[in-house]
Amino acid sequence: MSTGFRQTDERSLSDILIRHETEIASAWISEQASLISHRPDLLTETELRQQSRALLSEITSAARMDPSLNLANSAWKATRDLLSEISRSRALAGFSPAETASFVFSLRGALMDRLQTVYEEDARSLAAAMRSCSTFVDQLGLVTTSTVLKTREELIKKQQEEMLELSTPVVRLFDGVLCLPLIGTLDSARTQVVMESLLQKIVETGSTIAIIDITGVPTVDTLVAQHLLKTVSAARLMGAECIVSGIRPQIAQTIVHLGVELHNVATKATLADALALAMQKRGLTIQRVNKQA
Amino acid sequence: MTKADTLPIHTEEDIVRVRQMTRSLAQQSGLNLVDQTKIVTAASELARNTLVYGGGGHVILERLQDAGRAGLRLTFEDQGPGIADIELALRDGYTSGKGLGLGLSGAKRLSNEFHIDSRVGEGTTVSIIKWKS
Ligand SMILES: Nc1ncnc2c1ncn2[C@@H]1O[C@H](COP(=O)(O)OP(=O)(O)OP(=O)(O)O)[C@@H](O)[C@H]1O
Ligand SMILES: [Mg+2]
């Protein structure tokens with residue numbers, strides 16, 4: 001197949017796009033409205049119309065510059081950007097990847113209907129134009145899909161970060177006693193942040209006892225141990241004593257084999273034990289209140 | 001019979017994945033909770049050394065099954081600067097960085113078998129085995 005031949009076909013599709021922009025837009029919009037993936041709860045009819053028209057108008061102006069309809073060419077940058085933006089906003093709005101992709105894939109139906117009308121008498125040209133149409137819509141689909149994937153990755157990363165922050169609140173148990181329940185993986189960056197927030201809170205509240213609970217920490221290696229020891233020393237300098245609790249038996253054995261010395265750190269097996277110790281140090285006791293009295 | 005997996009070690013997240021994979025293989029090999037914790041912790045130490053001192057590398061994880069004995073072998077490899085004095089590196093408390101200097105010797109104590117092979121300018125290979133007890 002010669003290049004000249006292909007170019008003629010593609011020029012045909014681009015010509016049709018340019019000449020019938022308005023009709024294609026309406027056909028596309030009604031096609032979308034009839035899809036199962038149509039989600040009026042997430043996107044209003046007006047927005048759908050605006051987005052479709054805006055994208056199609058970018059497509060036709062790019063088609064004027066590049067009739068070969070090759071999305072990799074610079075003429076299509078504005079189209080790619082707009083499509084990415086729309087796809088991104090849909091992914092963030094809660095459309096599933098399939099629903100988001102159906103936005104551009106439904107353009108195929110609208111285009112093919114139009115091609116059929118135009119090439120009614122010319123099966124050969126119709127077949128060629130259909131091919132170009134498929135290739136073109138597939139390229140749009142790829143832009144959408146990769147944007148959706150990227151958006152999801154960003155979202156997951158953000159959620160992970162939020163979860164990290166959420167899972168490490170410094171709580172005040174009672175007057176002068178703080179508790180830091182650590183949960184999850186303790187790697188350098190995060191541990192640093194968590195430990196600093198504990199020290200900060202010690203200063204703010206003038207607490208004298210801080211319980212660091214590691215029940216939710218799956219692995220205590222030398223790095224975690226080092227962070228714990230540093231925090232304990234820093235807290236001590238600020239006048240607070242730390243109790244490390246939640247050291248499960250298997251962790252205790254492992255720490256011993258590692259050779260980490262927690263000699264001058266108060267340790268307790270459970271948070272309850274640590275709490276009892278903290279109360280004792282503060283001169284407090286828990287008393288059962290007689291309901292009858 | 002052995003089954004091997006290889007994981008890259010180039011980021012902190014890779015270390016987390018090495019720990020997770022080690023834990024899951026240790027469970028599949030029937031190791032008890034204490035031994036699982038030991039091998040996971042040793043893996044964490046060696047993976048971090050691979051990243052921090054070896055400049056990154058990979059680990060090969062193998063489930064071992066010979067003569068009715070089940071176990072797990074982890075082999076950490078890097079093409080970093082190597083270790084000039086292995087005896088010194090294995091001494092408790094020795095660190096050329098800012099660590100506690102307990103990772104390498106600790107990993108040895110936490111495992112049943114420990115082999116280290118290192119050449120200056122070529123890289124380091126550390127291999128450990130934990131047998132089901
Ligand atoms: N893969 C490696 N490549 C080059 N040098 C290494 C490697 N592994 C360990 N070393 C050297 O051996 C020393 C001791 O290692 P070890 O893991 O015992 O201590 P650390 O990593 O310095 O501190 P810790 O592990 O206690 O946090 C390191 O400081 C480093 O100089
Ligand atoms: Mg180390």
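Each chain gets a letter, A, B and so on, in the order its sequence line appears, and its residues count up from 1.
The part of A:V220 that comes within reach of chain B is its backbone (N, CA, C, O), which places non-hydrogen atoms under 4.5 angstrom from that chain. At a 4.5 Å heavy-atom cutoff, the contact between A:P218 and chain B is made by backbone and side-chain atoms alike.
The two residues A:Q253 and B:V34 make their nearest non-hydrogen contact at OE1-CG1, 3.5 Å. What you find for B:G103 and A:T222 is that their closest heavy atoms are N-CG2, 3.9 Å.
Using a 4.5 Å heavy-atom threshold, the side chains of B:E45 and A:L258 count as touching. Between A:Q250 and B:D35, the closest side-chain pair of non-hydrogen atoms is not below 4.5 Å.
No more than 12 heavy atoms of other residues, nucleotides or ligands sit less than 6.0 Å from atom CD of B:Q79. In the displayed structure, A:I286 atom CD1 is contacted under 6.0 Å by at most 12 heavy atoms of other residues, nucleotides or ligands.
Note that the CG atom of A:L223 and the CZ atom of B:R48 stand 4.0 Å from one another [nearest 0.5 Å]. Atoms CD1 and OG1, from B:I39 and A:T254 in turn, are 11.0 Å apart once rounded to the nearest 0.5 Å. Distance check: B:K38 NZ to A:I251 CD1 gives 12.0 Å after rounding to the nearest 0.5 Å. Summarising the geometry, atom OG1 belonging to B:T37 is positioned 7.5 Å from atom CZ belonging to A:R248; distances are rounded to the nearest 0.5 Å.
Listed in order of number, the residues of residues 110-119 of chain B that approach chain A to under 4.5 Å between heavy atoms are B:L110. Within residues 81-101 of chain B, the residues that have a heavy atom under 4.5 Å from a heavy atom of chain A are B:K98, B:G99, B:L100, listed by number.
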